[in-house]
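Below is one structure; the comments refer to it alone.
Below, chain A is the first sequence line, B the second, and so on; all start at residue 1. The structure presented is a predicted model; accordingly, all values stated were derived computationally and were not measured.
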There are 2 protein chains.
Amino acid sequence: MESKKTDRRIQRTQEALRNALVELILEKGYPKITVQNIIDRANVGRSTFYAHFLDKDDLLVSGFRAWAFDLSRNVGDGENTPDDGHIIHSQDFFLHADHHRDLYRAMLESGGGNLILKVGQEHIHHQIESHLVELLGGKELPIPLPFITNYLAGALLSLIKWWIEEDIPFDALQMDAMFQAMAMPGIRDAIMGNSNTR
Amino acid sequence: MESKKTDRRIQRTQEALRNALVELILEKGYPKITVQNIIDRANVGRSTFYAHFLDKDDLLVSGFRAWAFDLSRNVGDGENTPDDGHIIHSQDFFLHADHHRDLYRAMLESGGGNLILKVGQEHIHHQIESHLVELLGGKELPIPLPFITNYLAGALLSLIKWWIEEDIPFDALQMDAMFQAMAMPGIRDAIMGNSNTR
DNA sequence: TACGATATCGTACATTTTGTTCGATTATTA
DNA sequence: TAATAATCGAACAAAATGTACGATATCGTA
């Protein structure tokens with residue numbers, strides 16, 4: 001018998017812990033944080049912490065799950081037609097990063113957010129991959145699809161990181177426009193088979 | 001009076017520690033490693049470890065310094081003329097990664113190698129940046145240079161990561177050729193203004 | 001070969017962190 | 001109000017951290 005009120009109580013506790021973690025990441029970086037720091041900041045008992053999470057890492061990824069879920073819901077919302085020249089919906093990633101600046105900063109700025117960076121990279125990778133797959137069907141490519149998606153995901157994540165960390169004064173749409181400008185010509189060549197290197 | 005022999009002795013100790021660290025990173029990931037693990041594996045006394053390094057991180061970055069130095073020496077060795085179509089010497093990065101597969105794997109595979117990943121990214125970033133700067137002089141760009149270099153560095157590092165971790169059966173030259181094919185059209189557009197290949 | 005310098009060893013130690021246990025306390029629901 | 005469930009917080013063992021120091025091993029040189 002789960003009651004809805006107690007669920008909310010649990011949620012409050014977990015959220016307090018997650019918020020404390022984000023704050024601490026911004027202050028001292030993920031690796032230097034101890035469980036003690038987190039529960040002190042969140043005003044949560046030691047045993048309560050371990051009742052919910054295995055350790056620091058577990059808390060971090062659990063927080064990232066919710067965040068990534070929000071991302072999946074949003075990506076692809078704007079335009080469903082790939083005919084408008086947007087083969088990949090990079091715009092959604094920039095917008096999402098813009099809406100969650102604090103979290104992104106916490107994740108990316110600290111050297112310890114790397115676990116997250118890896119998961120994020122995979123997430124972006126899959127998003128791009130599915131878009132390309134539906135566009136190509138089973139067509140043969142001069143460049144393997146995983147190569148393309150890793151290329152794009154790496155470039156995209158790196159740009160978001162730079163954009164957020166350095167507070168670059170472009171908005172999400174400008175960032176996306178430049179990203180598309182950089183990426184599209186190469187993608188077109190790779191897909192259509194124009195090899196014009198050299 | 002520094003004697004050369006004792007220098008070598010120190011070097012041996014430090015190298016043993018670094019090797020132990022790389023082994024352990026491959027086995028259990030950087031964050032889970034303790035100083036105790038390292039000195040046990042390396043057969044080095046506890047006090048000796050702290051005589052050389054402040055902590056785990058210090059050992060890691062010191063190892064990375066040597067590695068990055070080797071990279072700087074090698075990058076740009078092959079072709080010094082940018083006229084052969086290679087605006088960026090990505091080839092050197094792929095070759096270097098190929099020659100140091102174990103180290104790269106250790107650095108990239110573990111979630112904890114992120115400190116290194118960050119430094120590596122900056123390194124790649126600067127390499128690419130200097131090449132572009134010497135090519136452009138002070139010319140105005142429709143897309144800011146840091147945007148381009150972050151885009152390229154991110155894509156390149158992501159591909160190296162994928163290539164090494166998944167043991168993708170391409171050689172360094174093939175990887176580079178595909179990277180150039182993906183990146184060059186976008187770079188040309190960004191630098192020359194818009195449209196057209198020559 | 002034997003000496004002197006110095007790098008390393010390894011134990012001991014105080015401190016911090018970890019993860020667990022358990023009874024007391026507080027909040028929520030019926 | 002009474003039952004239920006989540007949280008608190010103190011106590012604990014185990015492990016890791018970083019320091020100190022005397023003993024030992026190594027290496028160049030006399």
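Residues passing the ring pair (Phe, Tyr, Trp, His ring centres under 6.0 Å) test with F94(B), sequence neighbours excluded: W163(B). Residues that satisfy the side chain to side chain contact (heavy atoms under 4.5 Å, CB included) test with D171(A), not counting sequence neighbours, are L173(A), Q174(A). For D58(B), the side chain to side chain contact (heavy atoms under 4.5 Å, CB included) partners two or more places apart in sequence, or in a different chain, are F53(B), L54(B), D55(B), V61(B). Considering only residues two or more places apart in sequence or on other chains, T13(A) meets the side chain to side chain contact (heavy atoms under 4.5 Å, CB included) condition with L17(A), V44(A), T48(A), H52(A).
The NZ-P distance, from K32(A) to dT17(C), rounds to 12 Å in whole Å. Atom C1' of nucleotide dT7(D) and atom CZ of F53(A) are separated by 14 Å, given to the nearest angstrom. Rounded to an integer number of Å, the gap from D58(B) CG to dG18(D) C1' is 14 Å. Atom CZ of R8(A) is separated from atom C1' of dA5(D) by 16 Å (rounded to the nearest Å). For the pair L59(A) CG and dT18(C) C1', the computed distance is 16 Å after rounding to whole Å. Between the CG atom of L17(A) and the C1' atom of dA6(D) there is a distance of 13 Å, rounded to whole Å. Between the CZ atom of F49(B) and the P atom of dA20(D) there is a distance of 17 Å, given to the nearest Å. In this structure, NE2 of H52(A) is placed 4 Å from P of dT7(D), rounded to the nearest angstrom.
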key: Annotated protein contacts, base or backbone, on nucleotides 20-25 of chain C with a non-hydrogen cut-off under 4.0 Å, one of B, S, - each   = BBB---

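Phosphate proximity of dA25(D) to R12(B): absent, as no side-chain N or O sits under 4.0 Å from OP1 or OP2. OP1 or OP2 of dC8(D) has not a single side-chain nitrogen or oxygen of R9(A) nearer than 4.0 Å.
Taken residue by residue, residues 33-45 of chain B places heavy atoms nearer than 4.0 Å to DNA chain C at N43(B), V44(B), G45(B).
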ask   = Checking side chain to side chain donor-acceptor pair (under 3.5 Å) for the pair E23(B)/N19(B): CA distance, chi angles, key distance, verdict?
value = CA-CA 6 Å; E23(B) 283 179 31; N19(B) 289 340; over 6 Å; no

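The number of heavy-atom neighbours closer than 6.0 Å to NZ of K28(B), taken from other residues, nucleotides and ligands shown, is above 12.
Side-chain atoms of E165(A) and Y104(A), non-hydrogen and from C-beta on, never get closer than 4.5 Å to each other.
Contact detail for A20(B) and I38(B): the closest heavy-atom pair is CB-O, 3.8 Å.
Under the 30°/60° scheme for interplanar angles, the aromatic rings of Y151(A) and F147(A) are found to lie parallel.
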